[in-house]
Amino acid sequence: MTLVTIFLVSLLTQTAVSSTSILDISRAQWDALNASVSGRLRTATPFALPCFSKYNNVSVAVNEAACSAIQANYTSPNFRLESFSANMNVEYETCMSTNSGCLLDTVDPRNPLATQGTSCNQGEISPYYIDIRMAADIQAAFQFARQTGVPLSIKNSGHDYMGRSRRRNSLGIWTHNLQSMTYHSQFTPALCRTSYRAITVGAGITFEQVYEFADDNDSMFIGGYAQTIGASGGVVDTAFWRLLFGLGVDRVLEIKIVTPDGQLLTANACQNTDLFWALRGGGGGTFGVVVESTHLVEQAIPLQVINMTFIPTDTNLQEFF
Ligand SMILES: Cc1cc2nc3c(=O)[nH]c(=O)nc-3n(C[C@H](O)[C@H](O)[C@H](O)COP(=O)(O)OP(=O)(O)OC[C@H]3O[C@@H](n4cnc5c(N)ncnc54)[C@H](O)[C@@H]3O)c2cc1C
Ligand SMILES: *[C@@H]1O[C@H](CO)[C@@H](O)[C@H](O)[C@H]1NC(C)=O
Ligand SMILES: *[C@@H]1O[C@H](CO)[C@@H](O)[C@H](O)[C@H]1NC(C)=O
Ligand SMILES: *[C@@H]1O[C@H](CO)[C@@H](O)[C@H](O)[C@H]1NC(C)=O
Ligand SMILES: *[C@@H]1O[C@H](CO)[C@@H](O)[C@H](O)[C@H]1NC(C)=O
Ligand SMILES: CC(=O)N[C@H]1CO[C@H](CO)[C@@H](O)[C@@H]1O
């Protein structure tokens with residue numbers, strides 16, 4: 001009974017907030033937001049737009065050079081990582097309920113049938129986003145959202161299997177360029193006493209980047225397999241990584257996060273402990289925007305590797321497994 005009551009109250013609180021559609025925000029409001037983030041407010045068009053001759057049903061010029069680069073690298077995770085408008089699973093760039101989107105043929109990105117006579121539409125891509133470089137940029141985004149009611153979405157690598165790094169007509173927060181990495185032979189979480197061998201990563205750092213950095217420091221970072229997945233924000237909130245040396249979420253020592261009220265908080269075992277607990281598995285973006293996280297690392301150990309190469313057939317794969 002208590003739970004039901006709380007749920008209703010929170011539902012009412014949410015619907016009571018008046019909100020302006022992102023499409024109704026004035027030029028002056030965008031300029032003010034842009035000034036508060038040092039000119040890093042950007043407009044976003046769909047990833048494959050350069051290949052189309054219509055955008056939102058209006059004729060536009062095809063950009064041949066940009067289009068062939070997109071076609072050549074359409075399925076490359078590293079290429080997609082560099083674009084706010086690209087997801088790792090292309091369907092999340094589209095609005096599936098209206099079929100609005102802008103996709104090439106993933107099997108053959110040069111297939112002209114995907115673009116000829118077809119309009120490239122905005123789909124789930126936020127029309128505006130902030131290229132985040134510091135916590136103050138995130139604070140400005142939250143302030144804008146509080147003042148206007150425009151919803152926010154947080155995108156890092158765009159790996160999310162549920163498409164949660166997208167929301168149509170939201171202001172996008174793009175964390176990809178939070179690119180710091182620090183190795184600590186002795187890291188003491190703020191207000192704690194014990195210290196650990198650790199690496200701090202900005203929310204835009206990928207697994208591949210931190211694996212290489214850890215290796216350079218004779219250390220081993222425990223993470224997942226896809227190199228372009230974010231090692232910090234989205235993963236700490238939503239995923240679990242590997243079982244060797246325990247779960248990835250249990251190896252997090254400290255998280256710096258901006259909460260929706262605009263505070264930059266440090267969460268660890270000694271302060272903001274409830275937030276620290278919730279952040280390790282509570283779902284991407286549920287509690288705020290992670291700026292950086294610090295992870296326990298291990299002394300690097302030599303691995304025994306067998307390199308086998310064979311041509312797969314219908315039967316030998318089964319034998320191999
Ligand atoms: C090919 C592939 C392989 C994978 N392999 C593994 C694996 O081996 N092990 C494993 O554990 N998982 C794996 N995953 C799952 C992956 O870890 C999750 O999808 C993870 O949430 C991706 O995080 P991201 O930040 O890279 O992606 P995004 O899609 O950018 O973000 C994921 C979610 O986190 C939110 N978010 C992003 N940044 C922040 C931030 N700074 N603060 C708050 N919220 C944020 C987003 O809004 C979104 O809800 C795999 C996924 C794919 C597609
Ligand atoms: C924000 O300001 C920068 C620098 O003046 C400018 O290049 C950019 O186009 C502006 N963004 C928007 C969405 O107006
Ligand atoms: C484009 O045209 C289609 C079909 O006529 C229509 O459903 C859609 O709303 C239009 N989209 C835009 C952005 O005007
Ligand atoms: C795109 O693909 C081409 C051909 O494979 C390659 O030469 C080029 O470096 C790629 N561009 C980027 C930005 O990855
Ligand atoms: C594994 O073997 C293949 C085929 O000989 C070779 O191309 C590849 O570089 C090897 N990989 C490693 C990690 O040694
Ligand atoms: C202490 C130490 O060796 N730090 C190194 C960790 O790796 C980076 C990246 O290669 C080096 O710049 C540091 O010197």
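Counting starts at 1 for both ligands and their atoms, following the listed order. Computed from heavy atoms alone, side chains included, the values below leave out hydrogens, waters and symmetry copies.
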**Q.** Closest approach of any protein heavy atom to atom 12 (C) of ligand 5, naming residue and atom
**A.** Asn307 ND2, 3.3 Å
Q. Are Arg80 and Tyr92 in a cation-pi setup, meaning NZ or CZ lies under 6.0 angstrom from the ring centre and within 45 degrees of the ring axis?
A.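 Not satisfied by the 6.0 Å and 45° rule.
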For [X], atoms of ligand 1 separated by under 4.0 Å from a heavy atom:
X      : result
Ala203 : 41 (N)
Tyr225 : 3 (C), 5 (N), 7 (C), 8 (O)
Gly224 : 7 (C), 8 (O), 9 (N)
Gly288 : 42 (N), 43 (C)

Q: Could you tell me which atoms of ligand 5, counted from 1 in the order shown, lie closer than 4.0 angstrom to a heavy atom of Thr309?
A: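 Once the distances to Thr309 are compared, the set is 2 (O), 3 (C), 4 (C).
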Q. Which one holds for Met88 and ligand 1: side chain close, backbone close, both close, or neither close, with close meaning a heavy atom under 4.0 Å?
A. neither
Q) Any N/O of Thr228 closer than 3.5 Å to an N/O of ligand 1? A)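 No.
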Q | Under 3.5 Å: N/O of Gly158 near N/O of ligand 1 | A | yes
Q: For Arg27, counting its heavy atoms only, list the atoms of ligand 2 lying under 4.0 Å from any of them.
A: 12 (C), 14 (O)
Q) Does the N or O separation between Tyr128 and ligand 2 drop below 3.5 Å for any pair? A)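 Min N/O separation from ligand 2 is not below 3.5 Å for Tyr128.
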(Q) Using a plain distance cutoff, I'd like to know if Arg40 has any nitrogen or oxygen under 3.5 Å from a nitrogen or oxygen of ligand 2. (A) no
Q.
Please determine whether the number of non-hydrogen atoms from other residues, nucleotides or ligands lying under 6.0 Å from atom CD of Gln299 exceeds 12.
A. yes
Q) Heavy-atom count around Met162 CE within 6.0 Å, excluding the residue itself: above 12? A)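 No - once you tally the heavy atoms of other residues, nucleotides and ligands closer than 6.0 Å, there are 12 at most.
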Q) Can you tell me if the gamma sulfurs of Cys192 and Cys270 fall under 2.5 Å? A)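 Yes, Cys192 links to Cys270 through a disulfide.
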Q: Verify disulfide bond (SG atoms under 2.5 Å apart) between Cys67 and Cys51, making sure each step is shown before the conclusion.
A: CA-CA 5 Å; Cys67 176; Cys51 298; 2.2 Å; yes
Q. Hey, does Gly204 sit under 4.0 Å from ligand 1 if you only count heavy atoms?
A.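 No; Gly204 lies far enough from ligand 1 that no heavy-atom distance drops under 4.0 Å.
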Q.
Would the distance check show the side chain of Asn87 and the main-chain N or O of Val90 forming a donor-acceptor pair, the cut-off being under 3.5 Å?
A. no
Non-hydrogen protein atom less than 4.0 angstrom from [atom]:
atom                   : result
atom 5 (O) of ligand 2 : no
atom 2 (O) of ligand 5 : yes
atom 9 (O) of ligand 5 : no

Q) With respect to atom 13 (C) of ligand 1, which of Ile138, Ile229, Asn156 exhibits the smallest heavy-atom separation? A)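 The option holding the nearest heavy atom is Ile229.
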Q) Are Tyr129 and Phe84 close enough that their ring centers fall under 6.0 Å? A)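 When the ring centroids of Tyr129 and Phe84 are compared, they turn out to be within the sub-6.0 Å range.
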